[in-house]
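Chain letters run A, B, ... following the sequence lines, proteins first and then strands; every chain starts at 1. Keep in mind that this is a model prediction, so the values were computed, not measured.
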Amino acid sequence: MLGLNDRQSEACSYTEGPLLILAGAGSGKTRVLVHRIAYLIDEKSVDPYNILAITFTNKAANEMKERVEREIGAQAEGVWVSTFHSMCVKILRRFYSRIGGNNNFTIYDTDDQKAVVKEVLKTLGIDPKMYPERACISFISTAKEGYKTPEDMDLEAGSDYRAIQMARVYREYQKRMKLNNALDFDDLIFETLELFQKDEEVLELYQTRFKYIMVDEYQDTNNSQFELVRLLAAKWRNLCVVGDDDQSIYKFRGANIYNILNFEDEYSDAKVVKLEQNYRSTSNILNAANAVIANNEGRKDKRLWTENGEGSKINYTVYETEYEEAHGAVNIILEKNIEGRPYSDMAILYRTNAQSRAIEEKLVYANIPYKLVGGTGFYNRKEIRDIVAYLKLLSNNSDEVSFSRIINVPKRGIGQTSIAKIRELSTEAGVSMYDFCKDEANRGLLGRAAEKIGGFIELMKSLVPVAESGDLEQLYEDIMEKTGYRNELQIERTDEAAARLDNLEELKNKIVSYMEEAEEPTLMGLLEDISLVADTDDSAEDTDNKVTLMTLHSAKGLEFPIVFITGMEERLFPSGMAMDSDDPDAVEEERRLCYVGITRAKEELYLSSATTRMMHGNRNYPLESRFISEIPKEYMTRTGIKANVIKKDPFAGPASFGGTTPSVSTPRYTAPLPRTFRKATSPMTDVSSIEYGVGDTVRHIKFGKGKVISMVKEADDYEVTVAFDTVGEKRLFATLAKLKKV
DNA sequence: GAACCCATCATTTTT
DNA sequence: TGATGGGTTC
């Protein structure tokens, strides 16, 4: 086959029956997948409609789509190329109702999940200190990744009290999700699996359709995804999985490396093709990577080789501190840039996000533009989440997380108490919070807040026709205007408010471009895009002349001519957590991460460590990483402690490199903003109406009944000390505590 | 309702 | 060190 090596050709043309392609780093994996699809269509006359290609990320899916299209033109449209999650959404939107679901579900992300878990813990009376939300979410996620129901988890728990409690949380969580008509990311896979298990007709439909199935990054699949693929492929058994066990670095996310290691057991007639020729790196780099990964046990036997030249040796430098280390990298970057290397040829990788700080500081100081990958995404900004919550509530009235989020945003004088009451009463009535509030008679039960809630309902009602019209840009504008959200930010006149407005403008841009690009734009579709297609780095930014900073995890799948891996220290890399783990595979996974890091480099690789580093506010004196000692001397030069003084940037000022002005780059969405709005303080309420005195028994909304011990006059308030029956003595302020005489 | 204070806690992350 | 969340104080 044209332009392919023998192994690659073989992988493309072996189309019938199960096939495992073990694709080493830089071995042209995507190329093979793309050619394989083209081969099926052009040579084997397979209808594109019968081909399914599954990836993990949207980026990978888009790249594959584009390349297939370039190869075979318009026919490519028929091929279903999608991420696991988008594929499942598509299926569930069509058939979820057949197993009692609602096709109109909303997708919840981790933050939404957190809100749900919070409520769950409250209703179950479980102490979040003992069972932190994070832990609960991760428990639930692990269960679903293993295709286990709350009942399964309860059985599995045996007499383990903690596990029993967790299973309870899981059960209640699922109940709430159902009430909210929401599915989390894991549910998307889980429920599709349920659908296939329970509805043979639907399964049969997809099985029949997908005669040829390809799964990328197979080493990252979890058990549910494995099962999903197994079911889909069961009819024709033309399943081609591509992956590299040596690049399995997502165990913490449920990935099961045995899915790829045991593929041949599951499919005994599987053909295995190994792609071992590397087209990316110099042999020094490749040999070093091979040497490191060879220390792992239980991996598929393979060894990457290359026809590329030896290249320069890997450079390992020990610095005194993390700042020296950053200096060192920055100096090299400056030198390389002067030699003519664009900044975009260089990347600095690290194990933990916290390490970026020192590096960023030095880059800023040296006036080097950089791009920080990862961190808090666009859709996690408070203002974005607020507006999106309006959209979500309009799309799904049952979404109580969104309802609770925005009922008092911007401020409408509807407090926690009212919200809690709505939640309670609506649950009793068996309707959603929003539907409950829609009924004027119901609002009457809510006392003082009734009118304000009525206002909110009227507001939402006025948005419904706009939402139904399908003009999402108008809908966005109406939300911004009618809620007063824009106005609130505008009158604030702070930099922070301006940044928020900028971000909202960016959201509008996303909405507009969605309207333009989507085949059939709908509100639901937009929300899907927002949830499923995390803000991928804009292409404009990619091409900019900037140094890339990111974690080793984020670097998977990428390549750069010059790579820096910083923090080569025990307990940092490998991480302390991995080292302390009972699971011997934990350190092996770190080693795989190291392998991934090394193999990102095409021409030059710089490793570094510091003899002392601040971690969690403590000064540590870490040992050099074991991975350093695993690299044979012949491929690496070692430099001892070297004090680094940052060189003066000869181009500081208006001068420029290669046509572009080096400007200090900050991440697009700038520094973290406080989560709350600043606003004028509220006016004091009337004190004269206090109806109780010392010795009286009073009731507090939260603390219950208690006896007034003392009342001290303050400026324009009383400080009341109350001995409560349950929580003991509390000092409260009369205007705020709203104590009621009993 | 919101500013502030203190305790706590801390990989990796896409969907 | 630093971000974050809950509780306290007006």
Side-chain angles (χ1 to χ4, degrees), chain A residues 55-61 82-89 107-110 114 118 128-129 132-134 138 141 145 183-189 217 220 222 225 249-255 322 349-355 357-358 373-377 379 408 411 413-416 528-536 550-557 567 571-581 586 589-590 592-593 596 613-620 672 674-685 702 714-719 730-737:
Chain A
T55 64
F56 272 87
T57 66
N58 292 293
K59 201 175 163 196
S82 154
T83 63
F84 267 105
H85 296 270
S86 322
M87 176 184 82
C88 290
V89 169
I107 300 164
Y108 274 6
D109 65 17
T110 319
K114 210 170 155 187
K118 222 175 192 166
K129 284 236 158 56
E133 286 141 22
R134 289 188 39 168
S138 129
S141 190
E145 282 157 2
L183 296 181
D184 63 33
F185 291 129
D186 299 312
D187 284 330
L188 296 176
I189 313 287
E217 304 282 13
D220 289 342
N222 63 38
Q225 289 161 334
I249 55 173
Y250 283 113
K251 186 175 191 179
F252 69 93
R253 215 163 76 182
E322 66 266 39
L349 312 181
Y350 36 78
R351 179 67 241 265
T352 67
N353 284 119
Q355 289 168 257
R357 180 159 316 210
V373 177
T376 308
Y379 291 109
N408 197 33
K411 298 270 147 26
I414 305 168
Q416 276 309 306
E528 236 162 69
D529 254 34
I530 289 174
S531 322
L532 254 33
V533 186
D535 55 318
T536 42
M550 63 186 153
T551 63
L552 287 150
H553 281 91
S554 306
K556 200 177 90 167
R571 305 209 125 276
L572 180 58
F573 190 31
S575 76
M577 287 226 186
M579 289 170 62
D580 298 338
S581 166
E589 178 139 322
E590 297 284 311
R592 292 192 286 270
L593 191 55
V596 167
R613 179 183 301 269
M614 274 296 230
M615 276 180 95
H616 311 318
N618 290 320
R619 183 145 292 288
N620 289 42
R675 281 154 295 159
T676 50
F677 289 100
R678 265 182 230 139
K679 222 195 148 190
T681 42
S682 57
M684 276 296 186
T685 41
K702 192 170 156 198
E714 297 275 302
D716 27 40
D717 204 345
Y718 278 96
E719 190 197 73
K730 289 273 172 194
R731 280 163 60 211
L732 307 157
F733 282 86
T735 49
L736 301 165

Take atom OH of A/Tyr379 and atom P of B/dT14, then tell me their distance rounded to the nearest Å.
15 Å

For A/Glu145, all residues meeting salt bridge (Lys or Arg N to Asp or Glu O under 4.0 Å), sequence neighbours excluded:
none

Take atom CZ of A/Arg357 and atom C1' of C/dT1, then tell me their distance rounded to the nearest Å.
8 Å

Just to be sure I understand the rule, does A/Gly415 reach a base, reach only the sugar-phosphate, or reach nothing, if contact means heavy atoms closer than 4.0 Å?
sugar-phosphate

Could you tell me whether A/His553 and A/Tyr350 have their ring centroids closer than 6.0 angstrom?
no

Nearest to the side chain of A/Thr83, which nucleotide is it out of B/dT13, C/dA3, B/dT15?
B/dT15

Could you tell me whether A/Glu322 and A/Arg357 make a salt bridge, using a distance below 4.0 angstrom between a side-chain N and a carboxylate O?
no

Find the distance A/Leu183:CG to B/dT15:C1' and express it as a whole number of Å.
13 Å

With heavy atoms under 4.0 Å as the rule, sort A/Lys118 into base, sugar-phosphate or nothing.
sugar-phosphate

What integer distance in Å separates A/Gln416:CD from C/dG6:P?
11 Å

For A/Glu133, enumerate each residue passing the side chain to side chain donor-acceptor pair (under 3.5 Å) test, keeping only those at least two apart in sequence or located in another chain.
none

Sorted by chain and residue number, the side chain to side chain donor-acceptor pair (under 3.5 Å) partners of A/Arg592 (sequence neighbours excluded) come out as A/Asp585, A/Glu589

Between NZ of A/Lys59 and P of B/dT13 the distance, given in whole Å, is 14 Å

Taking the side chain of A/Thr110 as heavy atoms from C-beta outward, which of B/dT13, B/dT15, B/dG1 is closest to it?
B/dT15

How close or far is atom C1' of B/dT14 from atom NE2 of A/His85, stated in whole angstroms?
7 Å

Please encode protein proximity along nucleotides 4-12 of chain B as a string of B, S and -, counting only heavy-atom distances under 4.0 Å.
------BBB

Atom-to-atom span, CD of A/Gln225 to C1' of B/dT13 - whole angstrom
13 Å

Separation of C/dG5 C1' from A/Glu133 CD (nearest whole Å)
9 Å

Short side-chain N/O contact from A/Asn58 to OP1 or OP2 of B/dT14, under 4.0 Å:
no

Nearest-nucleotide comparison on DNA chain B, the residue closer to the 5′ end among A/Gly413 and A/Leu532:
A/Gly413

Nearest-neighbour nucleotide for the A/Met614 side chain, C/dT1, C/dG5, C/dA3 considered:
C/dT1

Could you pull out all residues at least two apart from A/Ser86 that satisfy side chain to side chain donor-acceptor pair (under 3.5 Å)?
A/Thr83

A/Ser554: side chain to side chain donor-acceptor pair (under 3.5 Å) partners, not counting sequence neighbours
A/Thr551

